Protein chains: 2
Amino acid sequence: MTEWEQRLAGAGCRITAPRRAVIAVLMNADAPLLPQEILEQAQTVHRKLGLVTVYRTLNLLSELSLVRRVHREDGCHGYLPASAGHRHALICRNCHRAVEFTGHNDLHALIERVEARTGYRVDDHLLQLLGLCPHCQEREG
Amino acid sequence: MTEWEQRLAGAGCRITAPRRAVIAVLMNADAPLLPQEILEQAQTVHRKLGLVTVYRTLNLLSELSLVRRVHREDGCHGYLPASAGHRHALICRNCHRAVEFTGHNDLHALIERVEARTGYRVDDHLLQLLGLCPHCQEREG
DNA sequence: CTCTTAATGAAAAGGTTTTTCAGTAAAGAT
DNA sequence: ATCTTTACTGAAAAACCTTTTCATTAAGAG
Ligand SMILES: [Mn+2]
Ligand SMILES: [Mn+2]
Ligand SMILES: [Zn+2]
Ligand SMILES: [Zn+2]
C-alpha cells in the first residue's frame, strides 16, 4: 500500500482499482497532467476506467493535498503530485516539466506591504512561475 | 473618443457600437466581470450585442493590455480594466471588488532565488491575492 | 461469506469558449 | 454624399471541459 493509499484509507475512503490506476499515473508525473491525459495513461492499467472517476479522484486527492491544481493559460487545469506544505509550481513552457518552490518569505513581505497600502486583509494567493527548464534552455539557446 | 477607443483605432481596429458598449462596461468595472455579465450590462446600451462579440472584444482588449484576465477558482475567467505596466490583482472574496498592486521587488528577488535553486529561467508568472476589502472586513468582523 | 453502502461508468446535462458563415456596417476613397 | 472594400457582427453549431444522475458493482467491515 503506497503512502497515498494510506492517506486515502485514513480519510475513510475505499482503495479501489480505478483509484489505484489514477494514483499510479499521478504519483510519478513530472509535468501537470490533464484529466484526459490521466485517463489515457491510467487505462493501460485499468481498462474500464471512466473520465468521471478521474475527476472524482482528482477532487479527492486535491482535498487531501496529495495533488496540486495548476492553472493553464488555455483555461484547463493540470494536476501535479504535491509535496507536503504550501508550495508553488514552476513550469517549463516548452516541455511542461514542473518543480515546486516555497515563496514564503518574499511573498509574506509583499503581502504585508500590499495590505498596508490597500487596507485589504489577504488570506490566500495564487502564484505560478513559467519559464524554461535547464534541459530546454540548452536546446533553445 | 475615449482613451481605449484611441488605442483600438491606433491598432487599426474599427470603432463599432458593440465594441463601445463592451468598453463602456469594462472601463468602470471595479470587480472582475464574466463575459456573460459584460453581455448583460452592455446590452442595455446596445441591444443586439452577442456573446461572441464580447469574447472577441475581450481578446482584443487583452492583447492591447487594456484589460487583465483573472483566474477564478471555479475555472471561469473574469476581466478587469488594467493600468499600464505589469500589475497584479487583489480581489475581495466577499464583494469581489479588486485593486491592482505592483509586486516587482519582492517578486524579482523570489524569482532570482528560484532560478538559482532550480536552474530554470523564469520569464513569466501568475500572481493573484485574495482576501477581504476594508468595507467587507467591517461588516464581517 | 454476507451485508451495507461507497464507488463506478455510461449517459445526459450544464457551462464556457471557439468556429463557421452569411449578412452588416465602418471608414477611407471618390 | 455615395461608393467600395473588407473588418466586424450575430446566430447557430460545434467543441470542449466538468458535473449530475442513476442503475450497477465491489470494497471492506462484521
Ligand atoms: Mn485558471
Ligand atoms: Mn503561497
Ligand atoms: Zn523544459
Ligand atoms: Zn469586499
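Chain naming here is simple, since letters A, B, ... match the order of the sequence lines and numbering starts at 1 in each. Every heavy atom of this structure was used, including side-chain atoms; hydrogens, water molecules and symmetry mates were not. This one's a predicted model, so the numbers in the text were calculated from it and none came from an experiment.
Looking at residues two or more places apart in sequence or on another chain, you find no salt bridge (charged side-chain N to carboxylate O under 4.0 Å, His left out) involving B:Arg56. Remark: B:Arg20 engages no residue in a salt bridge (charged side-chain N to carboxylate O under 4.0 Å, His left out) (not counting sequence neighbours).
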query: Which letter, B, S or -, goes with each nucleotide of nucleotides 23-30 of chain D from 5' to 3', with contact meaning a protein heavy atom under 4.0 Å?
result: ---BBS--
field: Derivation and outcome, side chain to side chain contact (heavy atoms under 4.5 Å, CB included), residues A:Leu26 and A:Leu61
entry: CA-CA 10 Å; A:Leu26 268 168; A:Leu61 297 176; 3.9 Å; yes
message: The test is side chain to side chain contact (heavy atoms under 4.5 Å, CB included); show your working for B:Asp123 and A:Arg93 and say whether it passes.
response: CA-CA 10 Å; B:Asp123 52 31; A:Arg93 66 173 151 68; 2.7 Å; yes
task: Given salt bridge (Lys or Arg N to Asp or Glu O under 4.0 Å), test A:Arg14 with A:Glu5 step by step and report yes or no.
output: CA-CA 9 Å; A:Arg14 293 181 181 171; A:Glu5 287 168 16; over 6 Å; no
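Applying a 4.0 Å cut-off to non-hydrogen atoms, none of the residues of residues 20-43 of chain B approaches DNA chain D.
Of the residues near DNA chain C, B:Arg69 and B:Arg56, the one whose nearest nucleotide (by heavy atom distance) lies more toward the 5' end is B:Arg69.
Checked by atom type, the side-chain pair A:Glu40/A:Gln36 shows a donor-acceptor distance below 3.5 Å.
A pairwise comparison of heavy atoms in B:Pro32 and B:Glu37 identifies O-OE1, 4.0 Å as the closest pair.
B:Ile38 and B:Val45 are members of different hydrophobic clusters when ILVMFWY side chains are connected at heavy-atom separations under 4.5 Å. The hydrophobic clustering, which links ILVMFWY residues whose side-chain heavy atoms are closer than 4.5 Å, places B:Val25 and B:Met1 together.
Contact annotation: A:Tyr55 does not reach the phosphate of D:dT19 (side-chain N/O to OP1 or OP2, under 4.0 Å).
Rounded to whole angstrom, the span from the CG atom of B:Asp74 across to the C1' atom of D:dC17 amounts to 13 Å. B:His46 places its NE2 atom 15 Å from the P atom of D:dC8, with the value rounded to the nearest Å.
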Sequence neighbours excluded and cut-off under 3.5 Å, please list the side-chain donor-acceptor pairs for residues 78-88 of chain B, or say none.
from: B:Ser83; atom 1: OG; to: B:Glu100; atom 2: OE1; distance (Å): 2.4
from: B:His86; atom 1: NE2; to: B:His88; atom 2: NE2; distance (Å): 3.2
from: B:His86; atom 1: NE2; to: B:His125; atom 2: NE2; distance (Å): 2.9
from: B:Arg87; atom 1: NH2; to: B:Ala84; atom 2: O; distance (Å): 3.4
from: B:His88; atom 1: NE2; to: B:His125; atom 2: NE2; distance (Å): 2.9

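For DNA chain C, the span of nucleotides reached by chain A at under 4.0 Å from its heavy atoms goes, 5' to 3', from C:dT5 to C:dA11.
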